[in-house]
Amino acid sequence: IAMYQAKRQKLSTRTFEYWMGHAVAQQLHIAKRLALAIANHSFYLHFQPQVDMRSGQLIGAEALCRWWDDELGDVSPGQFIAIAEERGMIVPLGNCVIDKACQQLAQWQRQGLQLQGPLAINIAADQFEDSDLVATLLASCRTHGVSPHALSIEITESGIMAHPDDAIAITEILKGHGMGLSIDDFGTGYSSLAYLKRFAADRIKIDISFVRDMLTSDNDRIIVATIIAMAKTLGLETIAEGIETKAQSEALLAMGCTQAQGYYYGRPLSAEQFAKHWLT
Ligand code: C2E
Ligand code: MG
Ligand code: MG
Ligand code: MG
């Protein structure tokens, strides 16, 4: 039996190493293609509507980065954003997103189309360590003739906690220029109320995981209710992300959530489709 176990262990170790090697090689390949995509700016953005929970009216949108690679095909942001963060490529990738977002806003302006409310851009933790972030955002606005008021920033709760003092200082400056600020994926990090109070956010985004389970899990429903109550006390808007059903929407509205985003209201769309369905 011992011999059999030893043999089995050796075998599974070998299989494990094979798969690990495979996964690492695959990740390296994606990273190489990603570096190329960053150099060529070959990303595009999708836009998802954000609406007022009561009226259903558009109050803004979130820009979500998309990448289609000739060799790899469609790669999800969940995968390539993580690789960019791990391999020190998130700053140039993020700069590319900032530029494309401003470019799109300018194009809609030229077409006489108006986005009601700001366009939210996701900013990763390491971008807050980039001393040029503020200058990059403002320069991009200037280059494309877009007001900083037309932008808002989404930073995850864990992103804030990675560099809290930088995040507080930089967002204060951005806020001074009129940009909005949301705390993304709220409830999944471990931020303290003390930091939240110092942080110049105007909106909290309730993480999709709580919204998904709030109708079946007492815990999740209590967490959502607590986040909404806390935001209200701090004078912040709450936006729930990942709303997929009418029932979720009604429950959130009853709890006092003010804003909504999710497939129930509208999926992320290409610039053309978004303009067709949501812009006037
Ligand atoms: P996020 O910022 O929390 O964005 C919300 C994600 O939820 C998006 O996924 C969106 O497509 C998805 N979503 C929206 N409504 C629903 C719904 O009703 N049901 C479900 N199941 N999903 C919904 P996506 O586009 O795949 O992006 C995933 C994450 O990748 C984003 O999460 C964000 O953290 C990151 N990401 C995307 N674009 C960028 C970017 O330009 N920069 C950075 N730093 N991160 C980005
Ligand atoms: Mg976001
Ligand atoms: Mg989120
Ligand atoms: Mg997320």
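Keep in mind that the numbers below use all heavy atoms, side chains included, and drop hydrogens, waters and symmetry copies.
Using a 4.5 Å cut-off on side-chain heavy atoms (C-beta onward), L133 and I123 make contact. No side-chain heavy atom of E237 sits under 4.5 Å from any side-chain heavy atom of D202. Residues Q116 and V51 have side chains not in contact (no heavy-atom distance under 4.5 Å, counting atoms from C-beta outward). The shortest side-chain heavy-atom distance between I160 and I183 falls under the 4.5 Å cut-off. Contact check for F274 versus Q104: no side-chain heavy atoms found under the 4.5 Å cut-off. A heavy-atom distance below 4.5 Å is found between the side chains of V224 and M255.
Side-chain N or O atoms of E157 include one that pairs as donor or acceptor with a backbone N or O of G187 at under 3.5 Å. Checked by atom type and distance alone, the side chain of K100 never pairs as donor or acceptor with a backbone atom of A63 at under 3.5 Å. Between the Q273 side chain and the S270 main chain, no donor and acceptor come within less than 3.5 Å of each other. Put simply, the side chain of T171 gets close to the backbone of I168: a donor and an acceptor are under 3.5 Å apart. T258 contributes a side-chain N or O that, together with a main-chain N or O of T238, makes up a donor-acceptor pair within less than 3.5 Å. Looking at S140, its side chain never comes within 3.5 Å of a backbone N or O of T136 through a donor-acceptor pair.
Under the 3.5 Å distance criterion, with hydrogens and angles disregarded, a donor-acceptor pair is assigned to the side chains of Y265 and S249. With no hydrogens or angles considered, a side-chain donor-acceptor pair links S209 and D207 at under 3.5 Å. In the model, E62 has a side-chain atom that pairs as donor or acceptor with a side-chain atom of Q261 under 3.5 Å.
At a threshold of 4.5 Å between side-chain heavy atoms, the hydrophobic network of Ile, Leu, Val, Met, Phe, Trp and Tyr places W108 and W278 in one connected group. Placement of M53 and Y263 in two distinct hydrophobic clusters is found when ILVMFWY residues are connected by side-chain heavy-atom separations under 4.5 Å, directly or transitively. Taking hydrophobic clusters as Ile, Leu, Val, Met, Phe, Trp and Tyr residues chained together by side-chain heavy-atom distances below 4.5 Å, L93 does not share a cluster with L36. No path of Ile, Leu, Val, Met, Phe, Trp and Tyr side chains, each step under 4.5 Å between heavy atoms, connects Y44 with L269, placing them in separate hydrophobic clusters. When the side chains of ILVMFWY residues are joined at heavy-atom separations under 4.5 Å, either directly or via intervening members, I59 and L252 end up in two distinct hydrophobic clusters.
Under the salt bridge (charged side-chain N to carboxylate O under 4.0 Å, His left out) rule, E241 has a single partner from K205, R203, R212, which is K205.
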Determine all donor-acceptor pairs shorter than 3.5 Å in which one atom belongs to a side chain in residues 65-76; sequence neighbours excluded.
residue	atom	partner	partner atom	Å
R66	NE	H46	ND1	3.4
D69	OD1	R33	NE	3.1
D69	OD1	R33	NH2	3.2
D69	OD2	R33	NE	3.0
D69	OD2	E71	N	3.0
D69	OD2	L72	N	2.9
E71	OE1	H29	NE2	3.1
E71	OE2	R33	NH1	3.3
S76	OG	Q79	N	3.3

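From D213, atom CG reaches atom CD1 of I208 across 10.5 Å, with rounding to the nearest 0.5 Å. To the nearest 0.5 Å, atoms CG (L58) and CG (D52) are separated by 10.5 Å. Residue S182 holds its OG atom at 5.0 Å from CD of E154, rounded to the nearest 0.5 Å. Of the inter-residue distances, the one linking I98 atom CD1 with N122 atom CG reads 11.0 Å to the nearest 0.5 angstrom. Note that the CD1 atom of I204 and the CD1 atom of I228 stand 10.0 Å from one another [nearest 0.5 Å]. Here the straight-line distance linking atom CZ of F128 with atom CD1 of I155 works out to 3.5 Å at 0.5 Å rounding.
When all heavy atoms of A247 and L215 are compared, the closest pair comes out as CB-CD1, 3.7 Å. Residues A260 and I239 approach most closely at N-CG1, 3.8 Å, considering heavy atoms. Taking all atoms of both residues into account, the shortest heavy-atom contact from P148 to C141 is CA-SG, 4.0 Å. Of all the heavy atoms in L236 and A201, the pair that sits closest is CD2-O, 3.1 Å. Taking all atoms of both residues into account, the shortest heavy-atom contact from A31 to M89 is O-CE, 3.7 Å. Shown here for A125 and E85, the closest heavy-atom pair between the two residues is N-OE2, 4.3 Å.
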As a quick check of understanding, evaluate side chain to side chain contact (heavy atoms under 4.5 Å, CB included) for M179 and L151, giving each step before the final call. CA-CA 5 Å; M179 283 184 210; L151 293 183; 4.2 Å; yes
*Assess whether side chain to side chain contact (heavy atoms under 4.5 Å, CB included) is satisfied between Q48 and L64, documenting all intermediate values.*
CA-CA 8 Å; Q48 187 175 30; L64 294 160; 4.2 Å; yes
Dump the intermediate steps for side chain to side chain contact (heavy atoms under 4.5 Å, CB included) on F210 and M214, then the final yes or no.
CA-CA 6 Å; F210 303 115; M214 62 178 283; 5.7 Å; no
**Request:** Report the C-alpha distance between H144 and Q109 in whole Å, list the side-chain angles of each, state the deciding distance to 0.1 Å, and finish with yes or no for side chain to side chain contact (heavy atoms under 4.5 Å, CB included).
**Result:** CA-CA 10 Å; H144 294 287; Q109 276 172 25; over 6 Å; no
